[in-house]
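Hydrogens, waters and symmetry mates are skipped; everything else that's a heavy atom, side chains included, is used.
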Amino acid sequence: MFRFVIAAAVIALSTGHALANGHGGGGEAPAAPKAEAVPVPARYVLTKQGPKLVDLNGMTLYFYERDTSGKTSSCDGKCAEAWIPLAAPANAQATGDFTPITRNDGSKMWAFRYRPLYTSVADKAPGEANGTATTLQWRVARPED
């Protein structure tokens, strides 16, 4: 009988130690490491004029038809005062259709399908689209562009 009690105690202690380390059934599984979410710089909204891209504050985004290389912005100096580049952090990484590009001054900005994105100073509130200027080749950025 004494041998039985000692054997039972050894088994109980071994099982408890295994469960405490997450080995064996009954214990909670260790949490999986969380993947770093890459923030998306813009979103789609549906308007009466169709879908368009807006920044995270709801301001309409535009592209400039002269931005053709997909790697740089043609809007610098005075142009960038009226058409504000959609800023990207220095360590930005591509996510979906959005890619960071480097401006002439070394700063980063977002591009959608390799077209640099801008907001317009003519838009004072989210949802406005006063920056469309066909003669100046500025267009509202749309998901199908």
Would you say [X] and [Y] make side-chain contact, with heavy atoms under 4.5 Å?
X    : Y    : value
L61  : F112 : no
S120 : T60  : no
V121 : E81  : no
R103 : T72  : no
Y62  : L117 : no
M109 : S73  : yes
T47  : K52  : yes
M59  : K124 : no

Shortest non-hydrogen contact from [X] toward [Y]:
X    : Y    : result
A94  : P100 : N-CD, 3.7 Å
A87  : W110 : O-CD1, 3.3 Å
A80  : P85  : O-CD, 4.0 Å
P116 : I101 : CG-CD1, 3.4 Å
R115 : E65  : NH2-CA, 4.0 Å

Do V40 and L86 sit in one hydrophobic cluster, given that two such residues count as connected whenever their side-chain heavy atoms are within less than 4.5 Å of each other, even indirectly? yes

Can F98 be reached from V54 by stepping across I, L, V, M, F, W or Y side chains whose heavy atoms are under 4.5 Å apart? no

Distance flag, aromatic centroids of Y64 and W138, threshold under 6.0 Å: yes

Sorted by chain and number, sequence neighbours left out, side-chain contact (heavy atoms from CB on, under 4.5 Å) with Y114 holds for T99

Is the backbone N or O of S107 less than 3.5 Å from a side-chain atom of D105, with the two atoms forming a donor-acceptor pair by type? yes

Would you check if the side chain of D67 reaches a backbone N or O of S74 as a donor-acceptor pair within less than 3.5 Å? yes

Just verifying a value: how many Å separate D123 CG and N130 CG, rounded to the nearest 0.5 Å? 5.0 Å

Begin with the C-alpha distance, continue with both residues' side-chain angles, and end with the deciding distance and a verdict on salt bridge (charged side-chain N to carboxylate O under 4.0 Å, His left out) for D97 and R113. CA-CA 5 Å; D97 287 328; R113 296 184 181 155; 3.2 Å; yes

Go through the steps to decide whether Y118 and D55 satisfy the test side chain to side chain donor-acceptor pair (under 3.5 Å), and finish with yes or no. CA-CA 9 Å; Y118 308 84; D55 69 8; over 6 Å; no

Regarding T102 and K108, is there a side-chain donor-to-acceptor distance under 3.5 Å anywhere? yes

